[in-house]
Amino acid sequence: MAEKDWKIFKEWKVEHDKSYPTADEEKRRFKTFQQHLREIEAHNSGPGDAYYTKGLNPFSDMTFEQFKLGFLMHESVDDGLYDSETDKEDVEVPVIRQSKY
């Protein structure tokens with residue numbers, strides 16, 4: 001299964017233009033990716049009464065904590081996204097493409 005997961009991860013990285021500064025970081029991200037992949041598979045193979053399916057997205061290599069710190073609004077965290085002198089509406093939001101998985 002790990003070999004299949006690695007192949008999916010490599011394809012996903014190309015699709016979402018992902019790269020990591022070190023091999024250790026890539027291993028950590030792959031482990032998180034695998035956890036998300038298992039959750040997706042479990043959800044999608046569950047009872048037919050689920051009203052939606054899950055899939056991979058550009059954030060599939062991130063823990064919720066990493067996602068939260070990088071993309072969700074926090075009153076107490078200065079993440080450098082906003083300059084107090086500029087309008088918050090000028091921030092560029094990343095485009096999320098639908099994954100083929």
Step-by-step side-chain contact (heavy atoms from CB on, under 4.5 Å) determination, Lys27 to Tyr20 = CA-CA 9 Å; Lys27 287 177 189 175; Tyr20 307 101; over 6 Å; no
I would like to know whether Phe33 and Asp5 meet side-chain contact (heavy atoms from CB on, under 4.5 Å); could you show each step before the answer?
-> CA-CA 9 Å; Phe33 180 87; Asp5 292 352; 5.7 Å; no
Check the pair Trp12, Asp61 against side-chain contact (heavy atoms from CB on, under 4.5 Å), reporting the backbone distance first and the verdict last.
-> CA-CA 10 Å; Trp12 173 88; Asp61 63 339; 3.3 Å; yes
Any chance you could lay out the side-chain contact (heavy atoms from CB on, under 4.5 Å) test for Ile40 and Thr53, step after step, and finish with the verdict?
-> CA-CA 8 Å; Ile40 291 166; Thr53 57; over 6 Å; no
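For the pair Lys31/Glu26, no side-chain contact is recorded, criterion being any heavy-atom separation below 4.5 Å from C-beta on. Put simply, the side chain of Lys68 reaches to within 4.5 Å of the side chain of Glu65, judged on heavy atoms. Residues Glu11 and Lys7 are in side-chain contact: their nearest non-hydrogen atoms beyond the backbone lie under 4.5 Å apart. Looking at heavy atoms from C-beta onward, Arg29 lies out of side-chain contact with Lys13 at the 4.5 angstrom threshold. Residues Lys54 and Asn44 are in side-chain contact: their nearest non-hydrogen atoms beyond the backbone lie under 4.5 Å apart.
Here Phe64 pairs with nothing under the ring pair (Phe, Tyr, Trp, His ring centres under 6.0 Å) rule; sequence neighbours left out.
Using cut-offs of 30° and 60° for the angle between ring planes, the Phe71 and Phe67 rings count as parallel. Note: Phe9 and Trp6 have tilted aromatic rings, judged against thresholds of 30 and 60 degrees for the angle between ring planes.
Checking side-chain atoms of Ser45 against main-chain N and O of Glu41 turns up a donor-acceptor pair under 3.5 Å. Looking at Glu25, its side chain never comes within 3.5 Å of a backbone N or O of Thr22 through a donor-acceptor pair.
What you find for Gln34 and Ala2 is that their closest heavy atoms are NE2-CA, 4.1 Å.
For the atom pair CZ (Arg28) and OG1 (Thr63), the distance works out to 11.5 Å, reported to the nearest 0.5 Å. With rounding to the nearest 0.5 Å, the separation of OG in Ser60 from NZ in Lys18 is 8.5 Å. With values rounded to the nearest 0.5 angstrom, Glu3 atom CD is found 11.5 Å from Ile8 atom CD1.
The cluster map of Ile, Leu, Val, Met, Phe, Trp and Tyr, joined by side-chain heavy atoms under 4.5 Å apart, puts Met62 and Leu72 in the same cluster.
With ring centers used as reference points, His36 lies 6.0 Å or more from Phe59.
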